[in-house]
Amino acid sequence: MVSTTTCHVSTRVTGRYADAMNVTAKRLQSFGETVFATWSRLALEHDAINLGQGFPDFDGPPEVIEAAYRAMLDGHNQYAPMAGIPSLRQAIADDFHASTEISAHPDTDITVTSGCTEGIAATMLGLLNPGDEVIVFEPFYDSYPATIAMAGATMVPITTRPPDFGIDVDAVRAAITPRTRAIILNTPHNPTGHVASQQELEGLASLCEQHDLILIADEVYDRMVYEGRHIPISTIPGMWQRTITLRSLAKTFSLTGWKIGWAIAPAHLTRAVQAAHQFLTYAVPTPLQHGATTALSMGEGYYAQLGVDYLARRDLLCNALRSVGFNVSVPAGSYFVMCDHTPFGYAQSEDFCEHLVKEIGVAAIPPGSFYKDPADGAHLVRFAFCKTMPVLEEAIARLSRLSN
Ligand code: GLN
């Protein structure tokens, strides 16, 4: 029977906590709600197709899900070791070796985190001191500035521009000061789809060497490359010793809800990441780590098919967006596409996205929060194409109403 107790606790908040902004710590006040939460909620409210927040609308491989389920039934339900279960750390080391030929040690160089997002937070909190400066390329993933701020450090953004959103190594050189501690490199890049070239990577590597900087490499889209190839920066001579590579299960295996990621770095950097990780989450769900071990043993055939499927989705959506009238920056990698929406007469991306979600029935992301100055992204909109073909086709049918 449902109990019907009466609640006598007052819900009125008075005093210095009456204003929500007085409760939120000052270092986080400027960030507000993440753009992903806002636009996924609006998508639901307006029954729109969600091409905003980047999560697939299909499940990961059944054998991976089965392995996690079996692990639960087999009693793998207590805390995992802080750094991750040994079989997963070994599988991560093997996977990293396959893509880099670097032998990361499973016991000293690997940390399993709660998605790459926790890996980012643990890296910032474990390595940055107040007053340090961190160079990031904007548009940036929105957790970079927030976690840099949590560490009391300062973000120094360098704007990349359409059509290819390339890295200007000279601009990075000019931004370096005695306080610069690290550079965050996300390749393939969310939201622009840029895949860093050998030349760009070598340019960054020589700056890291010259100024003794740490490189934080966010490579969660490493298996989604349509033009050129993904080059892990840790493979550039001298870089393994100063690089923390962050990868995850989420995008590659369509399991964003599992929140399983990992950080790979030489022992001296891993110790710093783990100094924070042990107090953020300590360890991440044990049965899902067993599932992740199975995922990483699926072999090249799985990745090849993933690439074929995503290339078809990219081409379908990009061609349709172009014929509707957007100026499209076709992504070389990732599962996002950035477009210039100004042909439709809106100056602000929020206004355009509001029209899109309410009147057209498609949710997208206005990328203002990926820039220090949101005005730099006002003309752009981000679409995600990690959806089944029929869903993309329905979204395209709706988007075609924009040109009527
Ligand atoms: N990485 C996803 C994206 O860029 C969202 C992750 C999140 O919601 N925090 O859309």
Side-chain angles (χ1 to χ4, degrees), residues 28 31-44 48-58 60 113-124 136-150 160 165 184-195 216-224 246-263 280-281 284 306 310 313-314 317 329 331 333-339 349-350 353 356-357 362-371 374 377 380-387 391-392 395:
L28 290 172
F31 295 103
E33 180 181 63
T34 105
V35 71
F36 306 115
T38 307
W39 291 88
S40 280
R41 189 179 53 247
L42 287 170
L44 272 177
I49 295 178
N50 192 351
L51 304 188
Q53 190 178 24
F55 59 90
D57 65 349
F58 43 88
T113 57
S114 179
C116 181
T117 300
E118 194 236 335
I120 292 165
T123 300
M124 304 301 181
V136 306
F137 298 99
E138 69 176 3
F140 42 69
Y141 184 48
D142 71 343
S143 89
Y144 301 161
T147 51
I148 290 169
M150 286 184 210
T160 65
F165 296 94
I184 306 180
L185 172 71
N186 172 213
T187 185
H189 186 260
N190 171 16
T192 67
H194 178 71
V195 175
I216 302 163
D218 175 348
E219 299 186 350
V220 298
Y221 300 99
D222 63 334
R223 297 290 183 173
M224 288 158 196
L246 302 167
R247 294 185 182 174
S248 90
L249 205 66
K251 280 73 180 177
T252 312
F253 293 96
S254 309
L255 293 166
T256 60
W258 281 25
K259 299 294 295 175
I260 299 284
W262 49 89
L280 286 173
T281 55
V284 305
L306 184 85
Y310 269 107
R313 294 181 187 116
R314 179 196 75 155
L317 186 64
S329 293
S334 87
Y335 55 43
F336 301 109
V337 50
M338 286 276 259
C339 303
S349 56
E350 275 77 10
C353 287
L356 210 59
V357 77
V362 174
I365 296 286
S369 56
F370 304 157
Y371 290 85
L380 296 169
V381 56
R382 188 194 83 171
F383 293 97
F385 52 85
C386 43
K387 308 292 164 183
V391 168
L392 288 176

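Note that ligands are numbered from 1 as they come in the structure, with each ligand's atoms numbered from 1 the same way. These figures come from a predicted structure and were not determined experimentally. Values below: all heavy atoms of this structure, side chains included; hydrogens, waters and symmetry mates excluded.
Note: no N/O pair closer than 3.5 Å links Phe36 and ligand 1 by distance alone. Close N/O approach between Thr117 and ligand 1 is not found [any backbone or side-chain N/O within under 3.5 Å].
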Please assess Leu356 against Phe383 for the test side chain to side chain contact (heavy atoms under 4.5 Å, CB included), listing each intermediate value before the final yes or no. CA-CA 11 Å; Leu356 210 59; Phe383 293 97; 3.8 Å; yes
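With ligand atoms numbered from 1 in the order given, ligand 1 contributes 7 (C), 8 (O), 10 (O) to contacts under 4.0 Å with heavy atoms of Gln53. Applying the 4.0 Å criterion to heavy atoms of Arg382 picks out, from ligand 1, the atoms 3 (C), 4 (O), 10 (O). Against a heavy-atom cut-off of under 4.0 Å, Asn190 is close to the following atoms of ligand 1: 3 (C), 4 (O). Counting the atoms of ligand 1 from 1 in the order shown, those under 4.0 Å from a heavy atom of Lys251 are 1 (N).
For atom 6 (C) of ligand 1, the closest non-hydrogen atom on the protein side is Tyr141 OH, 3.2 Å.
Taking the centre and axis of the six-membered ring of Phe55, the NZ or CZ atom of Lys251 falls outside the cone set by 45° and 6.0 Å. Remark: Arg382 is positioned above the aromatic ring of Phe336, its terminal NZ or CZ atom under 6.0 angstrom from the ring centre and at most 45 degrees off the axis.
Using the six-membered ring where Trp is involved, Phe58 and Tyr310 have ring planes that are tilted, between 30° and 60° apart.
Atom CE of Met224 is separated from atom CZ of Phe385 by 8.5 Å, given to the nearest 0.5 angstrom.
Between Ile184 and Ile148 there is a side-chain heavy-atom pair separated by less than 4.5 Å.
In this structure, Phe336 counts as a contact residue of ligand 1, since one of its heavy atoms falls inside 4.0 Å of the ligand.
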